[in-house]
2 protein chains.
Amino acid sequence: MVTIYDIAKEANVSAMTVSRVINNKGRISEATRIKVRKVMEELGYVPNTVARSLVLQQTHMLSLLIADITNPFYTTLARGAEDAAKRLGYKLLFGNSDESMAKEKDYVDMILSTRVDGVLFAPTGDTSLEHLRLLEKRGIPFVLLDREVPGIKSDIVQGDSKEGARKLIDHLIDLGHTRIALINGSSDTSTARYRYLGYREALKLRDLPFDEALVQEVTYRGLEDEAVLSTLLTLPNPPTAIFAANNLLALGIIKILRGIGLSVPEDISLVCYDDLGFASEMNPFLTVAAQPAYQFGSMGMQLLVERIQGNAGTNPRTLIFPSDIRVRSSSAPPVR
Amino acid sequence: MVTIYDIAKEANVSAMTVSRVINNKGRISEATRIKVRKVMEELGYVPNTVARSLVLQQTHMLSLLIADITNPFYTTLARGAEDAAKRLGYKLLFGNSDESMAKEKDYVDMILSTRVDGVLFAPTGDTSLEHLRLLEKRGIPFVLLDREVPGIKSDIVQGDSKEGARKLIDHLIDLGHTRIALINGSSDTSTARYRYLGYREALKLRDLPFDEALVQEVTYRGLEDEAVLSTLLTLPNPPTAIFAANNLLALGIIKILRGIGLSVPEDISLVCYDDLGFASEMNPFLTVAAQPAYQFGSMGMQLLVERIQGNAGTNPRTLIFPSDIRVRSSSAPPVR
DNA sequence: CTGTTAGCGCTTTCAC
DNA sequence: GTGAAAGCGCTAACAG
């Protein structure tokens, strides 16, 4: 492996001069600059980022921790983050917590020892608090994505889940539904809490009663347990519509309903939070509250880099994106 | 930041002893081991991977370069790679070439200077050759994913595209189709060539004529230009079925057909290579040749790590996965 | 404009 | 069992 010393010797200059040429720092005569460049070329020199990181105490590497790499919301977000990172000159280390605190912890340990310059962090939930505290203790800047974590004050990019949920429910009420079930993510996540609040507010504003029996809490990873649904459907007064708190939940619900011979929207309406990426383009079916996932990633990255480079001021910044209600064919008037 | 010297001083030992405790190397008395561990704990020591990488000349970091992070084939592959990397104790640096040679080059430069230990490389096409040569020159091990590159002998994980295509076309012929169009990826990619060969072979084996006018070459990124389709559909003897060489192409075709008022499979049948991830689960619609994308990633990672650790022998290894034909509702008998 | 020195945090080698 | 010295490749600080 060729080092700056090899090229220094070959060009009859000191290593320092070579370093200066590489980094365009300080004054160098045009002659030596050219000579050094030529030798670098000839020897096929590639700077050793590791050595540079060690002395500079910064790696120019950032971490992106997402909760599920197969969920189109997160992959779109990841693409936004990746594009922005590249544009800003940073490399991206990738992590996938799978909505699991244990994996998230592993990943945080990795972040700590890898000495990344900052982290784009989509937390698993409120209990991510201790992981974030570790980052704080080490002085590693981070930006929260999608979910807020009580106790943490940091830059954050999130969606307006309460308002999005309210509008989605409002749409169902407009269609004539009065019995609307909510299948929610874990209440350990801020988004689940906001979506719940939006749900309740929508009912209240339209003078509809709230029925606790219509609310089920599961996890965002999806729905495997059909008991959750059958409990709902065997109620004396069953729901005519379901609000799934995210796309994966909606997917699970559709599969279970299909399994028991019910179809959407003929038998029951279904709406959910988050769009399905290109699945929606192929077959525009599900009525959703879509979030600008790409912007979550790219804006988050921008906030993070500003913070790292000291251009972010002292106060945490909050970016809240509205959700876009896309009415498609999975929601229809109730059937008796 | 606390270093091994800090903990050495605190524990009244040398830095070397601390290092040995950390790495469980050499003989250490149980007493000092415990003492050192305790101090490490108290001071919240985290090893500095950068320094370690510099002296060890290896980063324990691997690169994964994929062609499109929003394509479910690649995201599933990425998940497989990520899971395997984690299991094997490696970190994953992420890159997205977007099927663009320029971006791929940027990424290769990044790989070179970052000193990753190896690369999982899904090449853009045959012209990736020069990028791979750069890796070879630097002695960076890599495993090719999905596409082979003429001139490169390396470990590779790929699908049996020829056979998959043949079976897909065979299925259409079974349904009664005789005029089948192929909308293919760039012939700069090995998969496009194999799919073309499979297409031709299927026709030949069933004694159907080959018509060059039915074959169109575009790119795997998708289909925006509807001229490609209208050319096909205004033929004197238009196709009754289309074989799209990947999922994104199929998506584009569906959208364009919808735009001109044609539906699948009522007006025309459609099959494609690669499944759609969870879109297929939600709405099992497209007949596909599905590849085990997760295994592409996880097996590729395994081959790579074996190669890095010198457990791979000298000969390049080739893994070829069969494709799984999943017949769904997008293919039906032709209509007159 | 260019060079020398020291050091980033760690591990390898060789002593003791 | 443990430690001292040297060095991985680079750059900041200072000197000239």
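Just so we're on the same page: letters track the sequence lines, and every chain starts at 1. Just so you know, these numbers come straight off a predicted model, no measurement behind them.
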Do A/E104 and A/S128 have side-chain atoms, one donor and one acceptor, less than 3.5 Å apart? yes
With respect to the phosphate group of C/dG3, does any side-chain polar atom (N or O) of A/T17 fall under 4.0 Å of OP1 or OP2? yes
Residues [X], [Y]: salt bridge by 4.0 Å N-O rule:
X	Y	answer
A/R147	A/D126	no
A/K38	A/E42	yes
A/E30	A/R33	yes
A/E82	A/R79	no
A/D117	A/K91	no
B/D109	B/K105	yes

How would you label the contact of B/T32 with the nucleic acid (heavy atoms, under 4.0 Å): base, sugar-phosphate, or nothing? sugar-phosphate
What one-letter contact string describes nucleotides 8-16 of chain C from 5' to 3', where B marks a base within less than 4.0 Å of any protein heavy atom, S marks contact via sugar-phosphate atoms alone, and - marks no contact? BBBBB----
Kindly assign one of parallel, tilted or perpendicular to the pair B/F296 and B/F73, based on the angle between their ring planes and the thresholds 30° and 60°. perpendicular
Note: chain B reaches DNA chain D at heavy-atom distances under 4.0 Å over the stretch, first to last nt, 5' to 3', of D/dG1 to D/dG9
Taking it one step at a time, do B/T127 and B/D188 satisfy side chain to side chain donor-acceptor pair (under 3.5 Å)? CA-CA 7 Å; B/T127 37; B/D188 187 58; 3.2 Å; yes
With axes from five pairs an end, tell me the bend angle of the helix from C/dC1-D/dG16 to C/dC16-D/dG1, nearest 10°. 40°
Going by heavy atoms in the side chains, are A/F142 and A/R307 under 4.5 Å from each other? no
